[in-house]
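Please find one structure pasted underneath; my questions will follow.
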Amino acid sequence: MEKIIVRGGRRLSGSVKVEGAKNAVLPVIAATLLASDGKSVIRDVPTLSDVYTINEVLRYLNADVTFKNNEVTVDASRELKVEAPFEYVRKMRASVLVMGSLLARLGRARVALPGGCAIGSRPIDQHLKGFEAMGATVKVGNGFIEAEVEGRLQGAKIYLDFPSVGATENIMMAATLAQGTTIIENVAKEPEIVDLANFLNKMGAKVRGAGTGTIRIEGVDVLFGADHNIIPDRIEAGTFMVAAAITGGNVLVRGAVPEHLTSLIAKMEEMGVMFEEEEDGLRVIGPDKLKAVDIKTMPHPGFPTDMQSQMMALLLHAQGTSMITETVFENRFMHVEEFRRMNADIKIEGRSVILNGPSKLQGAEVAATDLRAAAALVLTGLVADGTTRVTELKHLDRGYVDFHNKLAALGADIERYSEVEEAEVVSAAYDLNA
Ligand SMILES: CC(=O)N[C@H]1[C@@H](OP(=O)(O)OP(=O)(O)OC[C@H]2O[C@@H](n3ccc(=O)[nH]c3=O)[C@H](O)[C@@H]2O)O[C@H](CO)[C@@H](O)[C@@H]1O
Ligand SMILES: C=C(OP(=O)(O)O)C(=O)O
């Protein structure tokens, strides 16, 4: 088992570079399947386990995929298979994003049912509702979802019950090759949706309105491979913003796009954190004392649920009582128990948590319950008294490249070990003391 070991008490300073966005690159790679002609070249791709997984899914589907030097090349011009099996979908729910592309290109797609995960039940009914509106027959059975259409998908008017990111992306991809015009209403407005629409348009699609509440897609007959640079990861940027603020540090987050981070910056400013926009990023200056604030997660441009646990770490360190309300996922408070192991004064009340700060945080052995919780526990370790050991790092590796090394370069006292290596370090320390 691998662990991150962090000792609290250092102020962070210097600069850190943000990677390409995980949540943008996964749908973009899924969209490359739409091209029956030509290669796609995707740049600024982060070396994350989720990227390796989506590449494996595409290879299984018979696309030719290479990944080196942060560049993914996909040639999907060969005959493709229609099925994404459970072994991939289990590893990463976003595998379900190949469904729209396969259905549009082949008229059929068979994808293992994703099931729930640590943050909620996460159904995909809105994705399927969209495919059905476009003329597909959808069947669920034997652990698979199968969608099929005779001839081509047909343009349709689709209203999403909730602005789901994945449903917006899957339906948008399917609609690019449909016959006629598709209008999707109440869509997600996340920057990653805009990035996907930009990529689809480079492939020859006609997508308008991404970033607003209504997207209009005029179907075309064929799409081609295209080149694309992925946008910077706003959640990774936000995580380093919290790292700077929690330690009272001064850090330049290179590549952070302030317009993608409006709600987070506003909340952190309310807490007393200062920001300076610089040419290549955003400087974050943490105050000596942070003020308590209330937060409610919402679809973009509201406060992102993917920053909820990192913000919890920051609020534990603030003066006074705060409330965080999670409205996007019904079960995204699994990390609360782990924070309690670090002496956090925090309680769950329905869909909210109440935090009393500043908690006298103590180092402890804690286990990551999901990707963002992993980062949040490390952030808490940066200010806890003593040593914190964070395990279950498979979650962290889904979304952060070299997290501990980036923090160490900013001055954090942090290492990552396998259990065997840790035992060696401890015994070497005993030898030195002997
Ligand atoms: C790979 C990726 O981009 N992941 C992001 C994406 O996940 P994902 O695309 O799965 O998130 P959605 O926006 O679809 O889900 C939001 C909410 O809608 C519900 N829902 C969704 C679809 C559906 O058909 N039916 C339904 O009820 C979900 O259960 C959840 O409660 O957006 C989330 C919300 O910003 C982020 O936390 C994830 O990091
Ligand atoms: C929840 C997340 O991702 P996913 O949708 O891939 O599980 C996340 O990035 O925080």
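Note that ligands are numbered from 1 as they come in the structure, with each ligand's atoms numbered from 1 the same way. Every heavy atom of this structure was used, including side-chain atoms; hydrogens, water molecules and symmetry mates were not.
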### Task
Output all residues satisfying side chain to side chain contact (heavy atoms under 4.5 Å, CB included) with L106, sequence neighbours left out; order by chain, then residue number.
L80, V82, L102
### Message
Just by distance, no angles: are the side chains of E148 and T137 close enough, under 3.5 Å, to form a donor-acceptor pair?
### Response
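Side-chain D/A pair, E148 to T137: absent.
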### Query
Aromatic rings F403 and Y400: how do their planes relate, parallel, tilted or perpendicular, breaks at 30° and 60°?
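F403 vs Y400 ring planes: tilted.
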For ligand 2, output the ligand-protein N/O contacts shorter than 3.5 angstrom; if there are none, return none.
residue	atom	partner	partner atom	Å
ligand 2	3 (O)	K22	NZ	3.0
ligand 2	5 (O)	R122	NH2	2.7
ligand 2	6 (O)	K22	NZ	3.0
ligand 2	6 (O)	R398	NH2	2.6
ligand 2	7 (O)	R122	NH1	3.1
ligand 2	7 (O)	R398	NH2	3.2
ligand 2	9 (O)	K22	NZ	3.0
ligand 2	9 (O)	R372	NE	3.4
ligand 2	9 (O)	R372	NH2	2.7
ligand 2	10 (O)	D306	OD1	3.2
ligand 2	10 (O)	R332	NH2	3.0
ligand 2	10 (O)	R372	NE	2.8

### Message
Taking 4.0 angstrom as the limit and counting only heavy atoms of D306, give me the atoms of ligand 1 inside it, by number and element.
### Response
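So the answer, numbered in order with elements, is 36 (C), 37 (O), 38 (C), 39 (O).
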### Task
Check the side chains of S309 and R372 for a donor-acceptor pair under 3.5 angstrom, ignoring hydrogens and angles.
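There is no such pair (donor and acceptor under 3.5 Å, judged by atom type) between the side chains of R372 and S309.
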### Query
Which of the atoms in ligand 1, numbered in the order shown and given with their element, are less than 4.0 Å from a heavy-atom of H127?
24 (O)
### Message
Check for me whether R332 has a heavy atom closer than 4.0 Å to any atom of ligand 1.
### Response
yes
#### Entry: Close approach of G120 to ligand 1, heavy atoms, under 4.0 angstrom
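No heavy atom of G120 comes that close to ligand 1.
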#### Entry: Under 4.0 Å to a heavy atom of V328 - the qualifying atoms of ligand 1, by number
16 (C), 17 (C), 30 (C), 31 (O)
### Summary
Taking only non-hydrogen atoms of G166 and a 4.0 Å limit, the atoms of ligand 1 in range are 9 (O), 14 (O)
### Task
Provide the number and element of each atom of ligand 1 under 4.0 Å from a heavy atom of P123.
20 (N), 21 (C), 22 (C), 23 (C), 24 (O), 25 (N), 26 (C), 27 (O), 29 (O)
### Task
List the closest protein heavy-atom neighbour of atom 13 (O) of ligand 1: residue, atom name, distance to the nearest 0.1 Å.
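Answer, as residue, atom name and distance: V165 N, 2.8 Å.
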### Message
If I apply the N/O under 3.5 Å rule, does N23 come out as touching ligand 1?
### Response
yes
### Message
Protein non-hydrogen atoms only, distance under 4.0 Å: does atom 5 (C) of ligand 1 have such a neighbour?
### Response
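Within 4.0 Å: yes, protein heavy atom nearby.
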### Selection from Q126, E326, R122, R93 by shortest heavy-atom distance to atom 8 (P) of ligand 1
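Comparing heavy atoms across Q126, E326, R122, R93, the nearest one to atom 8 (P) of ligand 1 lies in R122.
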